[in-house]
Amino acid sequence: MKVHISELQDHAGQSVTVSGWLYQKRSSGKIKFAVLRDGTGYLQGVIAKGEAADSALDDFERLTQESSFTMTGPVREDKRAPGGFEMTVKELTVIQVAGEYPIGPKEHGPGFLMDNRHLWLRSSRQHAIMRVRNEIVMAIRQFFYERDFVLIDTPILTGAIGETASTLFETQYFDLGKAYLAQTGQLYVEAGAMAHGRVYCFGPTFRAEKSKTRKHLNEFWMLEPEVAFNDSNANMQLQEDLVCYIMDWVLRKCRTELAALNRDISKLEAVKAPFPRISYDEAIARLQKAGMTITWGNDFGAPDEEKLMEEYERPLFVYNWPTECKAFYMKRNPERPDVVLCDDLLGPEGYGELIGGSQREDDHDLLLERIRAQKLPEESYAWYLDLRKYGSVPHAGFGLGLERVVGWVCGLEHVRETIPFARTIGRLYP
RNA sequence: UGGGGAGUGGCCAAGCGGUAAGGCUCCCGGCUGUUAACCGGGUAAGCGCAGGUUCAAGUCCUGCCUCCCCAGCCA
């Protein structure tokens, strides 16, 4: 019977067939060990003269690292074996003998590993990260499904629309002129919220920023929920609920992966509601008191974020930022037009901005004023302004960067490892 | 774009003016319980590119290229 290694506990004592790739082999004369990797786990096969077919012994000799093969025989639990199970191999058949495999059991540099990303994905650490990413995506979808949110897929090809025009990837779109790869689905999801109440989009996002930091990708996955009748406070509550839900999910489902990544679980267990909330004004006051040179009206630099997070082990909300440093669609605080009703959620351990959210400007004339003030192409936003003409309501939403969350959960140095094939400036291969 | 660092066999890495260590991979041999096994033997680079100094240059000088890290921008 063909089985996956993850299913072996149901087949102890039985003879089974597993197929996969050679992770490692060792030989000690008449007894040989082949560790097979099938994507669900590792299984050590023991090939002994007398037990195994002669052809199996011959095929074992031909195996090189990452060669594909099948082995058959009775399996049993064995504490000595990596993976906990061991097979007494009767048959072993090579499917393909792999050529000299570039990635060895020793250390490699990041450039080399990224050039071989298609192979690097097989290594245990990268395997664990992708499993965690998968679970985080599942947690997010489940969270919104349970709360009756509707998935609204937003276009990836758009006209000139978004936040700032300088960071868009462009392409020619038939006879209609330039098209741009979406840098946010938010404006569209606002339309969805007016149709369904509670919606979200979750897809790839493109930013042509020439940033070269451990937190940036030029193509990344962003989750953007949008809720009609939510204000900024309810928005922050939703963010907090979501992050706690993800953390709880990961701690239940990814123990093996987090252990493989050497992640300090206590750091993740410390992420519990409520998250502290401070205003931008207060954040500036604290930073200045701590000796930082930042002044009111400026965005935080990485050192500012780190300084601010020093005393926190859970994420921190910083709300109501200066109008001048935030996007045109954010709603101005009616009592203080110099700030907008928005929030950034900063992650602990230096992981930076995990979420950016805001209540949206729902007044047609104020929104139009902002579009004009920022010299955005008014025609392109006609449909967006329509949302404020036909039953405008208060509403709010946010954007969560999947890769930053994965990097945080896994405790990684760089987001390029959180996505199967990272797109960064200077990297389009593989 | 600015600041810092690095480019030596397939991978990792020593050498810092005198004629290219070592490890991993790979190949051959040994071992009936190995755990990134071990033991013995073997193949493989002229040192990012282009000039220059010198009797002699990975090693010094000049210019260029590439990569990495930090910053800006943001999720």
Side-chain angles (χ1 to χ4, degrees), chain A residues 23-35 42 44-52 57 61-62 64-66 78-84 86 88 97-116 119-120 123-124 162-164 166-167 183-186 202 204-224 239 298-306 325-327 343-347 350-357 398-408 413-416 418-419 424-427:
Chain A
Y23 182 65
Q24 194 172 77
K25 75 173 185 179
R26 288 177 289 272
S27 169
S28 177
K30 305 278 188 309
I31 188 166
K32 302 164 197 307
F33 302 90
V35 180
Y42 299 91
Q44 174 162 280
V46 184
I47 300 109
K49 195 154 195 163
E51 293 269 12
L57 290 155
E61 295 304 328
R62 297 166 59 213
T64 55
Q65 191 183 353
E66 290 302 317
D78 192 316
K79 287 196 167 52
R80 291 174 295 182
E86 192 170 83
T88 303
V97 175
E100 196 171 322
Y101 194 65
I103 301 179
K106 295 293 181 194
E107 67 284 357
H108 299 284
F112 175 79
L113 289 170
M114 287 305 285
D115 282 342
N116 289 284
L119 303 176
W120 190 23
S123 67
S124 60
E163 302 182 9
T164 44
S166 60
T167 59
Q183 59 174 193
T184 173
Q186 191 225 122
F202 193 3
T205 305
F206 307 87
R207 306 249 169 117
E209 292 153 358
K210 292 188 176 177
S211 40
K212 298 204 298 183
T213 78
R214 65 178 100 169
K215 296 176 185 145
H216 291 265
L217 294 171
N218 294 290
E219 177 181 315
F220 66 98
W221 284 65
M222 184 157 66
L223 163 77
E224 295 176 280
Q239 293 166 43
N298 292 114
D299 209 341
F300 297 166
D304 300 313
E305 282 183 4
E306 268 170 48
C325 68
K326 287 294 182 181
D343 69 272
D344 278 4
L345 182 66
L346 302 178
Y351 283 95
E353 194 182 335
L354 304 172
I355 290 177
F398 60 90
L400 172 147
L402 176 64
E403 287 74 17
R404 288 194 184 169
V405 172
V406 174
W408 171 39
E413 291 290 316
H414 202 298
V415 290
R416 67 185 158 214
T418 65
I419 187 166
T424 55
I425 180 171
R427 171 125 257 138

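Proteins get letters first, then strands, A, B, ... in listed order; numbering begins at 1 in each.
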Using a 4.0 Å heavy-atom cut-off across all strands, classify [X] as base, sugar-phosphate, or nothing.
X	result
A/L402	nothing
A/K210	base
A/D299	sugar-phosphate
A/F112	sugar-phosphate
A/G111	nothing
A/L354	sugar-phosphate
A/G109	sugar-phosphate
A/T205	nothing
A/H216	base

Just the dot-bracket of RNA chain B, please: which string comes out with Watson-Crick or G-U pairs under 3.5 Å, [ ] for crossing, | for another strand?
-> ((((((((.[[[..)..(...]]].(((((.......))))).....[[[[[..)....]]]]])))))))....
A/S211 side chain to A/T213 backbone, donor-acceptor under 3.5 Å |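 No; judged by distance alone, with no hydrogens or angles, the pair does not exist.
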Kindly say whether A/G185 contributes a backbone atom to a donor-acceptor pair with the side chain of A/E224 at under 3.5 angstrom?
->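 Yes; at least one donor-acceptor contact below 3.5 Å.
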Looking only at atom [atom1], what distance separates [N] and [M], rounded to whole Å?
N	M	atom1	answer
B/C60	B/G17	C1'	8 Å
B/G3	B/A45	C1'	34 Å
B/G9	B/A20	P	16 Å
B/C61	B/A21	P	25 Å
B/A56	B/A13	C1'	26 Å

Counting side-chain heavy atoms from CB outward, which of [options] is closest to [X]?
X	options	result
A/K212	B/U25, B/C12, B/C69	B/C69
A/S28	B/G72, B/A37, B/C74	B/A37
A/T64	B/C12, B/A75, B/C27	B/C27
A/P303	B/G72, B/U32, B/G33	B/G72
A/D78	B/A75, B/C31, B/G33	B/G33
A/E100	B/G33, B/C11, B/G10	B/G10
A/E86	B/U34, B/C11, B/G72	B/U34
A/Q24	B/C70, B/A37, B/G72	B/A37

Verify the contact: side-chain N or O of [X] to OP1 or OP2 of [N], cut-off strictly under 4.0 Å; return yes or no.
X	N	answer
A/Q186	B/A75	no
A/R26	B/A37	yes
A/R416	B/C69	yes
A/R80	B/U34	no

Syn or anti: how is B/G46 classified when any glycosidic angle within 90° of 0 counts as syn?
->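 Classified syn.
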Taking N or O atoms only and anything under 3.5 Å, show me the protein contacts with nucleotides 22-24 of chain B, one pair per line.
none

Residue pair A/R207 / A/F220, side-chain heavy-atom distance below 4.5 Å =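 A side-chain contact under 4.5 Å exists here.
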Check: B/U34 base within 3.5 Å donor-acceptor of A/Q44 side chain =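 A donor-acceptor contact between them is present.
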